[in-house]
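To keep things clear, I will list the structure first and then write my remarks on it.
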Amino acid sequence: MQVEGGCHCGYITYEAEVNPDTVRICHCTDCQTLTGSAFRTTVAARKDAFKLLTGQPKIYVKTAESGTKRAHGFCPECGTPIYAAAVSDPQSYGLRVGTIRQRRELRPKQQAWCRSALDWAMNLESLPKSPKQAA
């Protein structure tokens with residue numbers, strides 16, 4: 001599936017080809033902290049299928065619980081997280097689904113790190129819903 005995306009302010013734009021079957025949610029505490037939310041949703045793009053069109057992300061390298069280092073690319077202007085990848089010679093990029101224009105078509109197929117999941121984030125169906133900002 002061909003997708004286009006970018007950051008909130010428009011400084012970074014990209015295009016990629018992704019497999020919708022690789023969309024996943026991560027509940028690890030690093031993803032919670034780095035997103036400022038309950039979980040992160042990503043889709044994989046191969047190195048040769050991801051192309052930055054404008055801008056250059058700032059890179060933050062984090063060390064996972066396993067000891068693996070991951071390069072997190074984000075917009076230096078507005079702070080939008082764009083992707084995560086291996087620190088050197090990345091073969092794929094974990095694109096942040098929220099930055100993809102076609103995000104409605106990218107339904108998660110898997111969840112990981114559920115031991116860290118916030119209980120309330122696992123089922124939101126019972127919460128009141130509002131089409132825009134609640135009063």
Side-chain angles (χ1 to χ4, degrees):
M1 175 180 173
Q2 190 67 30
V3 297
E4 297 83 38
C7 65
H8 188 266
C9 74
Y11 173 75
I12 293 178
T13 59
Y14 65 85
E15 63 185 17
E17 186 174 326
V18 300
N19 178 346
D21 290 335
T22 66
V23 179
R24 61 179 268 182
I25 289 172
C26 183
H27 293 280
C28 80
T29 55
D30 284 346
C31 283
Q32 290 172 14
T33 301
L34 288 164
T35 63
S37 189
F39 54 83
R40 182 189 313 265
T41 309
T42 61
V43 64
R46 291 183 328 274
K47 174 183 179 176
D48 63 346
F50 173 68
K51 181 180 177 186
L52 278 172
L53 300 175
T54 62
Q56 188 62 40
K58 183 171 174 65
I59 302 297
Y60 169 71
V61 176
K62 75 131 183 157
T63 304
E65 183 178 298
S66 65
T68 301
K69 294 189 182 306
R70 299 284 292 164
H72 288 254
F74 63 95
C75 176
E77 301 298 320
C78 67
T80 302
I82 305 294
Y83 65 77
V87 173
S88 60
D89 193 27
Q91 297 303 301
S92 67
Y93 293 83
L95 302 179
R96 305 322 188 204
V97 169
T99 68
I100 297 172
R101 282 194 215 123
Q102 299 85 355
R103 58 186 164 259
R104 287 191 183 277
E105 300 170 48
L106 297 170
R107 292 182 164 267
K109 303 289 195 270
Q110 177 185 11
Q111 296 185 73
W113 286 93
C114 292
R115 76 175 190 198
S116 306
L118 302 175
D119 294 343
W120 58 263
M122 300 304 278
N123 185 355
L124 302 175
E125 284 299 314
S126 66
L127 295 178
K129 295 171 182 63
S130 177
K132 290 191 173 195
Q133 178 68 33

- Query: Can you check whether His27's main-chain N or O pairs, donor with acceptor, with Gln32's side chain at less than 3.5 Å?
  - Reply: yes
- Query: When rounded to the nearest 0.5 angstrom, what distance separates CH2 in Trp113 from SG in Cys31?
  - Reply: 10.0 Å
- Do Thr13 and Thr54 get their side chains close enough for a donor-acceptor pair, meaning under 3.5 Å? yes
- Query: Taking all non-hydrogen atoms of both residues, which atom of Cys9 and which atom of Cys78 are closest, and how far apart?
  - Reply: N-SG, 3.5 Å
- Query: Who are the side-chain hydrogen bond (donor to acceptor under 3.5 Å, both in side chains) partners of Thr68, not counting sequence neighbours?
  - Reply: Ser66
- His72 vs Arg96, side-chain contact (heavy atoms from CB on, under 4.5 Å): CA-CA, chis, key distance, verdict: CA-CA 10 Å; His72 288 254; Arg96 305 322 188 204; 3.2 Å; yes
- Message: When you group the ILVMFWY residues by side-chain heavy-atom contacts below 4.5 Å and let the links chain together, are Leu118 and Phe39 in the same group?
- Response: no
- Task: Determine whether the aromatic ring centres of Phe50 and Tyr14 lie less than 6.0 Å apart.
- Result: yes
- Work out which heavy atom in Leu124 is nearest to a heavy atom in Lys129; give both atom names and the distance. O-NZ, 4.4 Å
- For Leu53 and Lys51, run side-chain contact (heavy atoms from CB on, under 4.5 Å): C-alpha distance rounded to whole Å, both residues' side-chain angles, the deciding distance at 0.1 Å, then the answer. CA-CA 6 Å; Leu53 300 175; Lys51 181 180 177 186; 4.1 Å; yes
- Message: If I compare all heavy atoms of Thr80 with all of Cys7, which pair ends up nearest, and what's the gap?
- Response: CB-CB, 3.7 Å
- Message: Do Phe74 and Leu52 land in one hydrophobic cluster if side-chain heavy atoms of ILVMFWY residues count as linked below 4.5 Å?
- Response: no
- So CZ of Arg115 and OG1 of Thr29: to nearest 0.5 Å the spacing works out to 8.5 Å
- Item | Nearest-0.5 Å distance, CD1 of residue Ile25 to CD of residue Gln111 | 5.0 Å
- Nearest non-hydrogen partners of Arg103 and Thr99, listed with the distance: NH1-C, 4.4 Å
- Are the side chains of Pro57 and Ile12 in touch, meaning some heavy atoms are under 4.5 Å apart? yes
- Message: Which heavy atom of Ser130 sits nearest to which heavy atom of Lys132, and what is that distance?
- Response: OG-O, 2.8 Å
- Query: Under 4.0 Å between a Lys/Arg side-chain N and an Asp/Glu carboxylate O for Asp30 and Arg40?
  - Reply: no
- Is the closest side-chain heavy-atom distance between Leu34 and Lys62 below 4.5 Å? yes
- Item | Distance, nearest 0.5 Å, that separates OG1 of Thr42 from CG of Leu95 | 8.5 Å
- Task: Identify whether Val97 and Tyr93 are in the same connected component of the hydrophobic contact network (ILVMFWY, side-chain heavy atoms under 4.5 Å).
- Result: yes
- Query: Roughly how far, to the nearest 0.5 Å, is NZ of Lys47 from CG of Asp89?
  - Reply: 4.0 Å
- Query: Are Arg70 and Glu65 within salt-bridge range, i.e. N to O under 4.0 Å?
  - Reply: no
- Message: When you compare the side chain of Met1 with that of Glu105, does any pair of heavy atoms fall below 4.5 Å?
- Response: yes
- Query: Could you give the distance from OG (Ser126) to CH2 (Trp120), rounded to the nearest 0.5 Å?
  - Reply: 12.0 Å
- Glu4: partners by side chain to side chain contact (heavy atoms under 4.5 Å, CB included), with sequence neighbours left out: Gln2, Arg101, Gln102
- Item | Closest approach of Cys28 to Ser116 (non-hydrogen atoms, all atoms of both residues) | CA-CB, 4.1 Å
